Amino acid sequence: MAEAPTLDPWARLRAATRARIGLGGAGDALPLREVLGFQMAHALARDAVHAPLDVAALEAALHPHPVLRARSMAPDRGTYLRRPDLGRRLQEMEEPPAGPFDVAFVLADGLSATAVQRHAAPVLHACLARLPGWRVAPAVIATEGRVALGDEIGARLGARLVAVLIGERPGLSVPDSLGIYLTFDPRPGRRDSERNCISNIHAVGGLSPEPAAAKLAWLMREALTRKLTGTGLKDDTDPAALAAPAPPPGP
Amino acid sequence: MGSWSADAGGQRHVFDGLPHLLAAASPRRSGDELAGIAAGSDAERVAARFALADLPLRAFLSETVIPYEADEVTRLILDTHDAAAFAPVAHLTVGGLRDWLLSHEADAAALAALSPGLTPEMVAAVSKLMRNQDLIAVARKRRVVTSFRSTLGLEGRLATRLQPNHPTDDPRGIAASTLDGLLNGSGDAVIGVNPASDSVPNAMALLEMLDGLRERYAIPTQTCVLTHVTNAIEIMRRGAPVDLVFQSVAGTEGANRGFGVDLSILREAHDAALSLGRGGPSGEVMYFETGQGSALSAEAHHGVDQQTLEARAYAVCRAFRPLLVNTVVGFIGPEYLYDGKQIIRAGLEDHFCGKLLGLPMGVDVCYTNHAEADGDDMDGLMTLLAVAGVHFLICVPGADDIMLNYQSLSFHDVLALRTVLGLRPAPEFEAWLERMGIARPDGAIRPPELAASRLLSLAREAGGG
């Protein structure tokens, strides 16, 4: 009778963590396949940082929801990385229709245009489906944008809430993670503590578009009811409440 | 307020006030440019260094970079300044101090005696007149030895923090990464986890797990869950096994407030940790992290350059006799340190300034994916720091921190460094590695196959049976 094959004792451990454990070695160094695998992950993350947003493709993916284009005061990627202050200020935006609006969505490249390209439209569509009766502004696609750029855009649109869907800083294992920042009564000078954040929206074990949209719709409804976002609005989402669409806000 | 001037290329440059002079003399970096305080040209930068070289060291005792009345870190610095220790260099200029530090008479004993007489601003100023090789040469002479269960900072030794982070704090995942690090000879400075969740029960569960593991295998090291100091106070009150109290600190009162701390809360935590009596007779029970740019990020920089503020953070650390301090040099992002060149320079400055002030100074040699840096830059910085006698380095499995989403050093990097430079782990830990069949009697570390190792039972626990 044949003996059972010896299992690699690292296999069970790898089920408990994505960390790069049990890599073996060439002398003291890492084996070449690990070195090249690491270099590839870093290359994908860097490409995600530097890739430009395909605005036309994103606009098509948002159809039929109307779109306005905008860009920050950072003229290029190099300046954007060095000068976060410029990424928070609006250089120009297409003329918006007359408001007022309950909510404006801003889709900004942030540090991973790849994330916005892949995940922003599905999240937006899923969220809109949960907002019957809401007055929703045209979606603003903003390039070289930081989170706080949404404050100026939201104020200019006359929106009561702004939700910024933005590419998060790419990691080695996930180069395309999307984050959402929700701010009540947006205007320049809002602090980060006045926002609510939903992070880690991606396809590698992260939050998928439907639950992300459900969480966002819940936060939006709570924000308008309680007239605030940020540390005063705890994310104590009741899973049952997520299933229901958000009722229209009061006038 | 003092005013200084220097000529460069037929042009006169005037510097009003110490912050302006120090900022203009700093090597170029994106954080000072972001703050709008960097030199306007390379020539102005060198002109500022000429002016700074002639500045008497005593000027730093009469003119502050942040007012005494406005900032408790300034008060700490001036109130604890040791005039007797300062006396041997009291007649020198900043340039004169640079030459003296490099002189052969400035040996380990002389540098150690000087530390309490130096202020962070003096140390930051002199670093701006030093090339990278000067920063290495002087730091190498200044050994700082600290001890808990392991003795750290000895000549010919290089310690590591084993950082087994996990995105959801899964104890099995953390145990798996810890096992990998131990098999590679890592963890003699501390086994320290950054928790993903800031909850007290979560931190307590991780502490119990790590402490149990350390006890079961009789590992001569310390464990730490890097949670906020107010959490640590609560955790100690509830009786969980806290070896080291951790906190991130910065060089201004305002930036520390941004971290949710002040000197009095640090004092309370320090007293609580000492009362547990877990450490050795040296009473070194604190662990601090710092990093250039934190004060600007918190909008509490007072127009002072980020490297001078970083050195001021070391005054905060020094007040609590830490076992470990490290700068997280490349974590903050390219708006503060743009590329590999700036990260390497900052790492050497931070190590030099910390050591000169008497701190057990380690470095997290690291970078993010939006900085212009890669593993080659980190190879360079880790080697330079090891030559400079760094107290400890941080390492993670495969250089990839899957919780904080940045790249630090790998266990393998430190294995290579130890071989290339002949550096050994802390003596108590080295003896343990030998008992476990991980190090050979000659000190060389040869990671065993897991299946044949004496830690296989740990693998079984972490793997769920």
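The shown structure was predicted, so the numbers you read here are calculated from the model rather than taken from an experiment. All chains are named by letter (A, B, ...) in the order of the sequence lines, taking the proteins before the strands, and each is independently numbered beginning at 1.
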Part of Ile174(B) within contact of chain A (heavy atom distance under 4.5 Å): neither
Flag, side chain of Asn369(B) to backbone of Pro170(A), donor-acceptor distance under 3.5 Å: yes
Main-chain N/O of Asn405(B) paired to Arg169(A) side chain as donor or acceptor, under 3.5 Å: yes
Segment of Glu372(B) engaging chain A (4.5 angstrom heavy-atom cut-off): both
Taking every non-hydrogen atom, the tightest pair across Thr17(A) and Gly173(B): CB-CA, 3.8 Å
Leading residue by heavy atom contact count with chain B [cutoff under 4.5 Å; candidates Arg46(A), His50(A), Glu168(A)]: Arg46(A)
Side-chain touch His412(B)/Asp28(A), heavy atoms, less than 4.5 angstrom: no
Proximity breakdown for Ala175(B) and chain A, heavy-atom pairs closer than 4.5 Å: neither
Part of Leu456(B) lying under 4.5 Å from any heavy atom of chain A: side chain
Check: His166(B) side chain, Ala16(A) main-chain N or O, donor-acceptor pair, under 3.5 Å: yes
Close side-chain approach of Leu13(A) and Leu450(B), heavy atoms under 4.5 Å: yes
Segment of Pro167(B) engaging chain A (4.5 angstrom heavy-atom cut-off): side chain
Contact list for residues 18-49 of chain A, test ring pair (Phe, Tyr, Trp, His ring centres under 6.0 Å), sequence neighbours left out: His42(A)-Tyr367(B)
Residue-level contacts of residues 80-91 of chain A with chain B, using a heavy-atom cutoff under 4.5 Å: Leu81(A), Arg82(A), Arg83(A), Pro84(A), Asp85(A)
Heavy-atom neighbours of Glu92(A) CD exceed 12 at 6.0 Å: yes
Donor-acceptor contact present, side-chain Asp180(B) to main-chain Gly22(A), <3.5 Å: yes
Contacting moiety of Asp374(B), where chain A heavy atoms sit under 4.5 Å: both
Residue part contacting chain B, namely of Ala15(A), when any heavy atom lies under 4.5 Å: neither
